Amino acid sequence: MIDGDTFEVGDVRVRLFGVDAPEQGQTCGGNGKQVWACGAWVTTEVRSRYEGRRASCARLDTDRYGRAVARCSVDGKDVGRTLVSEGLAFAYRQYSLDYDLDEKRAAVRGVGVHGAEVQRPAEYRAETRSAANAAALSAAPQGCVIKGNVSSKGARIFHVPGQQYYAATRIDESKGERWFCSEAEARKAGWRKARQ
């Protein structure tokens, strides 16, 4: 098991369809309530319930990370529905409304993460990326925020603020990496734009 909504089933990494669990480093609480590591708690809870058990999964799609997106069941029970019903995950309404009512019932009962101030995982990820991008931008030379990175295979790729890997990309000028002031400048120098 990887986290609350991503499992290893045999040799396949599976992202559960229609659910979104708190991220491993995510906290809950605040606004007068105790802050606690709800993401780690969810991962531990899901692991204790499902690790080592036999799951039956129906692949529905493949996500951008190459994971199988699947609906899984253990002992004939839909894992996604169970996680949402018990407040260990949210209905991922961007992709499906299958678990919408299950989440609403869990929130009314205040079970799992619904018993505290909680941020939806997608919002948490967006804020985390935004903060990382802001920190990365502060390191850029004046007005030149495009990162020219050389991949492990030697491909020359540039990243612009807001792209998925912008914040994580580091510039090592000793390896021929550099900053660009415009996309046109990067293309003219022979670099291609990152796909994500």
Side-chain angles (χ1 to χ4, degrees), residues 1-28 37-74 76-104 106 112-113 118-133 136 147 149 151-153 155 157-170 192-196:
M1 202 191 91
I2 308 302
D3 60 24
D5 55 28
T6 306
F7 302 169
E8 295 284 348
V9 179
D11 60 351
V12 177
R13 186 163 286 188
V14 174
R15 173 67 163 83
L16 288 177
F17 171 77
V19 304
D20 197 15
E23 296 297 320
Q24 180 70 20
Q26 189 171 344
T27 59
C28 294
C38 61
W41 175 78
V42 165
T43 299
T44 299
E45 282 292 307
V46 175
R47 181 173 285 130
S48 72
R49 294 168 190 224
Y50 294 109
E51 191 167 59
R53 302 201 45 206
R54 181 176 222 88
S56 173
C57 298
R59 185 182 202 134
L60 304 172
D61 201 356
T62 301
D63 71 10
R64 64 183 177 194
Y65 305 109
R67 300 175 298 191
V69 177
R71 189 182 303 274
C72 297
S73 61
V74 171
K77 294 182 181 172
D78 182 330
V79 174
R81 186 170 310 282
T82 300
L83 295 180
V84 173
S85 294
E86 296 182 11
L88 298 172
F90 294 85
Y92 209 168
R93 293 180 185 95
Q94 177 180 347
Y95 298 101
S96 170
L97 293 175
D98 290 2
Y99 306 117
D100 180 62
L101 293 176
D102 299 291
E103 180 188 316
K104 289 174 180 170
V113 297
V118 60
Q119 183 178 38
R120 296 189 78 79
E123 293 168 7
Y124 170 81
R125 289 189 297 272
E127 280 186 13
T128 301
R129 263 192 312 274
S130 179
N133 280 339
K147 296 179 175 184
N149 181 252
S151 76
S152 60
K153 296 179 181 176
I157 302 166
F158 69 87
H159 302 262
V160 299
Q163 284 190 297
Q164 183 174 357
Y165 298 109
Y166 181 83
T169 300
R170 302 287 176 251
R192 73 161 174 84
K193 188 172 184 177
R195 293 183 182 94
Q196 296 183 18

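Predicted model, so just to flag it, every value in this text is computed and none were measured.
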How close do [X] and [Y] get, heavy atom to heavy atom, and via which atoms?
X: Cys38; Y: Thr27; answer: SG-C, 3.4 Å
X: Gly39; Y: Pro22; answer: CA-CB, 3.9 Å
X: Thr82; Y: Tyr50; answer: CG2-OH, 3.5 Å
X: Ala89; Y: Val19; answer: CB-CB, 4.2 Å
X: Val42; Y: Ala21; answer: CG1-CB, 4.2 Å
X: Ile2; Y: Arg47; answer: O-NH2, 4.2 Å

Test side chain to side chain contact (heavy atoms under 4.5 Å, CB included) on Arg54 and Val74 and set out the steps. CA-CA 6 Å; Arg54 181 176 222 88; Val74 171; over 6 Å; no

Under the 3.5 angstrom rule, does the side chain of [X] hit a backbone N or O of [Y] as a donor-acceptor pair?
X: Ser96; Y: Tyr92; result: no
X: Gln24; Y: Gly4; result: no
X: Gln26; Y: Tyr124; result: no
X: Thr44; Y: Ala40; result: yes
X: Asn149; Y: Thr169; result: no
X: Ser48; Y: Glu45; result: yes
X: Ser151; Y: Ala155; result: yes

Between Arg93 and Asp20, does a salt bridge (Lys or Arg N to Asp or Glu O under 4.0 Å) hold up when you go through it step by step? CA-CA 9 Å; Arg93 293 180 185 95; Asp20 197 15; over 6 Å; no

Could you check whether any side-chain heavy atom of [X] comes within less than 4.5 Å of a side-chain heavy atom of [Y], counting everything from C-beta outward?
X: Phe7; Y: Val12; result: no
X: Val46; Y: Leu88; result: yes
X: Val69; Y: Thr62; result: no
X: Thr6; Y: Arg67; result: yes
X: Asp61; Y: Phe17; result: no

As an exercise, state the distance from CD of Glu23 to OG1 of Thr43, rounded to the nearest 0.5 Å.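 Going from the CD atom of Glu23 to the OG1 atom of Thr43 covers 8.5 Å.
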
Got a sec, which residues hit ring pair (Phe, Tyr, Trp, His ring centres under 6.0 Å) with Phe90, two or more places apart in sequence or on another chain?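 Checked Phe90 against ring pair (Phe, Tyr, Trp, His ring centres under 6.0 Å); matches are His114.
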
Name all residues meeting the side-chain contact (heavy atoms from CB on, under 4.5 Å) criterion together with Arg192; count only those two or more places apart in sequence or in a different chain, and write none if there are none. Ile157, Arg195

Would Lys147 count as a cation-pi partner of Phe158, with NZ or CZ less than 6.0 Å from the six-membered ring centre and within 45° of the ring normal?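 Not flagged: Lys147 not positioned over aromatic ring of Phe158.
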
Is there a side chain to side chain contact (heavy atoms under 4.5 Å, CB included) between Arg59 and Arg71? Walk through the geometry before answering. CA-CA 7 Å; Arg59 185 182 202 134; Arg71 189 182 303 274; over 6 Å; no

For salt bridge (Lys or Arg N to Asp or Glu O under 4.0 Å), just list the numbers for Arg81 and Asp102, CA-CA rounded to whole Å, side-chain angles, deciding distance to a tenth of an Å, and then say yes or no. CA-CA 7 Å; Arg81 186 170 310 282; Asp102 299 291; 2.4 Å; yes

Go through the steps for Arg120 and Glu103 under the test salt bridge (Lys or Arg N to Asp or Glu O under 4.0 Å), then give the verdict. CA-CA 12 Å; Arg120 296 189 78 79; Glu103 180 188 316; 2.9 Å; yes

Give the C-alpha distance, both sets of side-chain angles, the deciding distance and a yes or no for side chain to side chain contact (heavy atoms under 4.5 Å, CB included) between Trp41 and Val113. CA-CA 9 Å; Trp41 175 78; Val113 297; 4.2 Å; yes

Going through the checks in order, is the side chain to side chain contact (heavy atoms under 4.5 Å, CB included) test met by Arg64 and Gln164? CA-CA 11 Å; Arg64 64 183 177 194; Gln164 183 174 357; 4.0 Å; yes

